[in-house]
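Structure first, then comments.
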There are 2 protein chains.
Amino acid sequence: MARRNQHSKEELRAMAIQALADLVEREGVDNFSVRQIAGKLGYTPGMLYHLFVNLDDLILHLNAQTLDALNARIDQATHHDDPVAVLKAMAFEYLRLAQQHTALWQLVFSHRMANQAPVPDWYIDRTRHMFEQVEVQLKRGVPAADEKQRQVMARTLWGSVHGICLLHVENKLNVAGDIAPEMMLESLLDHYLSSCAREGEK
Amino acid sequence: MARRNQHSKEELRAMAIQALADLVEREGVDNFSVRQIAGKLGYTPGMLYHLFVNLDDLILHLNAQTLDALNARIDQATHHDDPVAVLKAMAFEYLRLAQQHTALWQLVFSHRMANQAPVPDWYIDRTRHMFEQVEVQLKRGVPAADEKQRQVMARTLWGSVHGICLLHVENKLNVAGDIAPEMMLESLLDHYLSSCAREGEK
DNA sequence: CCCTGCTATTGAACACTGTTTATTTGTGTT
DNA sequence: AACACAAATAAACAGTGTTCAATAGCAGGG
């Protein structure tokens, strides 16, 4: 049969993204296939290629959705007065999503584009948003630093937060006693930011 | 034909690991196959399963080799007097390997065991080595901290170093102007360690 | 009301993947 | 020279992403 037309193309796209999300959350980051996704929708595999250019494209759309959720949480953390408190809250939200939706979070950061295809702009925009928010808070928390210094600090800080969350989520630091990742984030932010602020005072 | 017996089983294992290494370095982390590896050796795919239990096992052996190279560089960095200088040198060696042998480095940290198979002890030992060296230097640099605090510091610090190197290697922080990763490592170590040391003095 | 045109959807094919197994082939020993 | 042993093969299996000609169903016009 063909042309049931029960759903618009846009609806189908959303359904496919959701089907992939379910599959990833249930079976893990690397346990899905085009045939499984199509099966969940009640369609044949080939049909997905009328919605997305390929599987990479579909994954990218799901990742964008995950990044939107991440950004929403991060924006939500900006309500504190103290900029250091905001950065801490942001880091904790980052960790919380990684813990609550581990597989989706892993998919965002472990997916590599095949055949060196360039990452589309609408995707890059979403990753930039995070860094910008960090820089905003650094501007408030360490006003003495100049633009360049803040860029370095933002990338250093968020690269570090990412590394701590990643090693936790991937179970790569369960060597000799487990330390709560919250403790590490606290340690990082307390010490790094206090030293940066002190340097600014001089 | 069968049984040419030109090489011992151990030789063949080493050759297979090297063939995979070449392939990964030339074609990238996710562009190799059992058939390509066997082809490079002049054998058929099935033969590899007499050397390793499966592809995961072969990858694990290559990763162990990469971790040995990493540990050798890290050990080599311990010759400085100042423990802070040692930690800096260690972080820079970590970055340098990631830059010089990007694909091999990526393979170590992006490879996930299929079917939730446990990571063998001989592999875990190699990842633990790094953390132990960091703790040794922290014991010298921040003697006031107790055992537990040092564990937190070591994991915080090395998780951060890893995150910075990872984002650099994966090109995930080329949003709005590139900052040299060396600068970030320096910023991280200077500020984090100085604050930790200051707290110890109190 | 039938028919035509359009298009959403299919199904089969393609070239590839990791893995298993019976079978063959070469070598060293009796 | 015949045998036993093991190394290596070839072929199969079930799976993968992707392409594309053929088809099935609906909408609009006569």
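No hydrogens, no waters, no symmetry mates; every other heavy atom, side chains included, goes into these values. Below, chain A is the first sequence line, B the second, and so on; all start at residue 1.
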Calculate the interatomic distance between [X] atom [atom1] and [N] atom [atom2]; express it in whole Å.
X: B:Leu20; N: C:dG18; atom1: CG; atom2: C1'; result: 14 Å
X: A:Asp56; N: D:dT16; atom1: CG; atom2: C1'; result: 14 Å
X: B:Glu27; N: C:dT17; atom1: CD; atom2: P; result: 12 Å
X: A:Asn31; N: D:dA14; atom1: CG; atom2: P; result: 19 Å
X: A:His7; N: D:dG25; atom1: NE2; atom2: P; result: 17 Å
X: A:Asp30; N: C:dT17; atom1: CG; atom2: P; result: 18 Å
X: B:Asn54; N: D:dA14; atom1: CG; atom2: P; result: 20 Å
X: B:Phe52; N: C:dT19; atom1: CZ; atom2: P; result: 13 Å

- Considering non-hydrogen atoms only, spot the tightest contact between A:Tyr49 and A:Asn54 and give its length.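 So the minimum-distance heavy-atom pair works out to CE2-CA, 3.9 Å.
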- Query: What nucleic acid atoms does A:Leu12 come within less than 4.0 Å of, heavy atoms only: base, sugar-phosphate, or nothing?
  - Reply: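 Counting heavy atoms under 4.0 Å across all strands, the contact made by A:Leu12 is with sugar-phosphate only.
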- Look at atom CG of B:Asp146 and say whether more than 12 heavy atoms of other residues, nucleotides or ligands are closer to it than 6.0 Å.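 Yes, because the 6.0 Å sphere around CG of B:Asp146 holds more than 12 heavy atoms from other groups.
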- Message: How about CE on B:Met15, more than 12 heavy atoms from neighbouring residues, nucleotides or ligands closer than 6.0 Å, or not?
- Response: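 Check passes, neighbour count above 12.
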- Please assess A:Arg112 against B:Ser110 for the test side chain to side chain donor-acceptor pair (under 3.5 Å), listing each intermediate value before the final yes or no. CA-CA 10 Å; A:Arg112 268 184 284 272; B:Ser110 76; 3.3 Å; yes
Give the table of side-chain donor-acceptor pairs shorter than 3.5 Å for residues 85-101 of chain B, with sequence neighbours excluded, one pair per line with atom names and distance.
unit_1	atom_1	unit_2	atom_2	d
B:Lys88	NZ	B:Glu186	OE2	3.1
B:Lys88	NZ	B:Asp190	OD1	2.9
B:Glu93	OE1	B:Arg96	NH2	3.4
B:Tyr94	OH	B:His162	ND1	2.8
B:Gln99	NE2	B:His168	NE2	3.3
B:Gln100	OE1	B:Arg73	NH1	3.3
B:Gln100	OE1	B:Arg73	NH2	2.9

- When you measure from every atom of DNA chain C, which of residues 38-50 of chain A have a heavy atom less than 4.0 Å away?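 Going residue by residue through residues 38-50 of chain A, the ones with a heavy atom under 4.0 Å of DNA chain C turn out to be A:Tyr43, A:Thr44, A:Gly46, A:Met47, A:His50.
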- Classify the side chain of A:Arg35 versus the base of D:dG15 as yes if they form a donor-acceptor pair under 3.5 Å and no if they do not.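 Result: no qualifying N/O pair found.
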- Query: Salt bridge or not for A:Arg140 and A:Glu135, using N-O below 4.0 Å?
  - Reply: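 A:Glu135 and A:Arg140: not salt-bridged.
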- Message: As a test of reading the structure: which of D:dT16, C:dG18, D:dG17 is closest to the side chain of A:Val34, going by heavy atoms?
- Response: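 Per side-chain heavy atoms of A:Val34, the pick is D:dG17.
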- Quick one: does B:Met184's side chain get under 4.5 Å of A:Met153's, heavy atoms only?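 The answer is no, as the side chains (C-beta and beyond) never meet within the 4.5 Å cut-off.
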